[in-house]
S.K.: 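Have a look at this one before I ask anything.
As a basis for the values below, the full set of heavy atoms in this structure was taken, side chains included, without hydrogen atoms, waters or symmetry mates.
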Amino acid sequence: MRPCRRHAISEGFAQDKRDAAKPSPAHAPAVRDGQHDFDFEIGTWKTHLKRLLHPLTGSTTWVEYDGTTVVRKVWDGRANILS
């Protein structure tokens, strides 16, 4: 007994759709977990800060600070801490 032609054609289309949904290994996107997105901050930095002395009061008096900021890796490089 021969299979119905319509059935054989629809199986072929179903196979094509399943194959198209599978990403090929050459085009698979790289998985990023974000653990190293802020590694550029690691190190010692000269800082200059300016802040409004009495915010939300209409004050226009600013205070300025100069200093050094040190950023270090913690948790085996998965985070950083600022001092």
Side-chain angles (χ1 to χ4, degrees):
M1 186 169 185
R2 292 175 41 186
C4 174
R5 182 181 174 137
R6 186 180 340 164
H7 183 68
I9 291 172
S10 65
E11 281 181 1
F13 286 137
Q15 181 64 34
D16 290 342
K17 288 180 183 177
R18 278 184 258 141
D19 289 341
K22 294 178 186 175
S24 65
H27 299 287
V31 177
R32 290 184 39 90
D33 61 5
Q35 288 187 30
H36 300 286
D37 285 355
F38 294 92
D39 282 358
F40 68 91
E41 289 186 334
I42 305 300
T44 302
W45 300 87
K46 291 182 182 178
T47 56
H48 178 81
L49 302 173
K50 237 174 126 168
R51 76 177 203 61
L52 195 54
L53 190 57
H54 301 288
L56 304 174
T57 63
S59 172
T60 58
T61 307
W62 290 86
V63 181
E64 296 187 35
Y65 303 96
D66 287 310
T68 303
T69 302
V70 180
V71 182
R72 293 184 180 93
K73 291 182 182 184
V74 294
W75 294 334
D76 197 28
R78 283 180 251 145
N80 59 42
I81 190 165
L82 179 81
S83 60

S.K.: In terms of heavy-atom contacts, does CG of Asp76 have more than 12 from other residues, nucleotides or ligands at under 6.0 Å?
M.R.: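 Not more than 12 within 6.0 Å, no.
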
S.K.: Could you give the distance from CZ (Phe38) to CG (Asn80), rounded to the nearest 0.5 Å?
M.R.: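 Answer rounded to 0.5 Å: 8.5 Å.
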
S.K.: Between the side chains of Asp66 and Lys46, is the shortest nitrogen-to-carboxylate-oxygen separation below 4.0 Å, so that they form an ion pair?
M.R.: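 A salt bridge is absent here (no side-chain N lies under 4.0 Å from a carboxylate O).
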
S.K.: Counting only heavy atoms not in His54 (residues, nucleotides, ligands), do more than 12 fall under 6.0 Å from its NE2?
M.R.: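 Not more than 12 within 6.0 Å, no.
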
S.K.: Where is the tightest heavy-atom contact between Glu41 and Val71, given as atom of each residue plus distance?
M.R.: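 Shortest heavy-atom contact: O-CB, 3.2 Å.
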
S.K.: Any side-chain heavy-atom pair from Ile42 and Lys73 closer than 4.5 angstrom?
M.R.: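 Result yes, sub-4.5 Å side-chain heavy-atom pair found.
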
S.K.: Take atom CG of Leu49 as the centre, draw a 6.0 Å sphere, and report whether it contains more than 12 heavy atoms from other residues, nucleotides or ligands.
M.R.: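 Atom CG in Leu49 is packed in, count exceeds 12.
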
S.K.: Considering non-hydrogen atoms only, spot the tightest contact between Phe40 and Trp45 and give its length.
M.R.: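 It is O-CZ2, 3.5 Å.
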
S.K.: Checking Leu56 now: which residues fulfil side chain to side chain contact (heavy atoms under 4.5 Å, CB included) with it, not counting sequence neighbours?
M.R.: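 Leu56: no side chain to side chain contact (heavy atoms under 4.5 Å, CB included) contacts found.
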
S.K.: Could you walk me through whether Val63 and Lys50 satisfy the side-chain contact (heavy atoms from CB on, under 4.5 Å) test, starting with their C-alpha distance in whole Å, then the side-chain angles of each, then the deciding distance to 0.1 Å, before giving a yes or no?
M.R.: CA-CA 6 Å; Val63 181; Lys50 237 174 126 168; over 6 Å; no

S.K.: Under 3.5 Å, is there a donor-acceptor pair between the side chain of Thr44 and the main chain of Val70?
M.R.: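 Checked: no pair found.
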
S.K.: Distance from Tyr65 atom OH to Arg51 atom CZ, nearest 0.5 Å?
M.R.: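 Result: 4.5 Å between the selected atoms.
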
S.K.: Would you check if Arg72 and Leu82 make a side-chain contact, meaning some heavy-atom pair closer than 4.5 Å?
M.R.: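 Heavy-atom side-chain distance check fails, nothing below 4.5 Å.
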
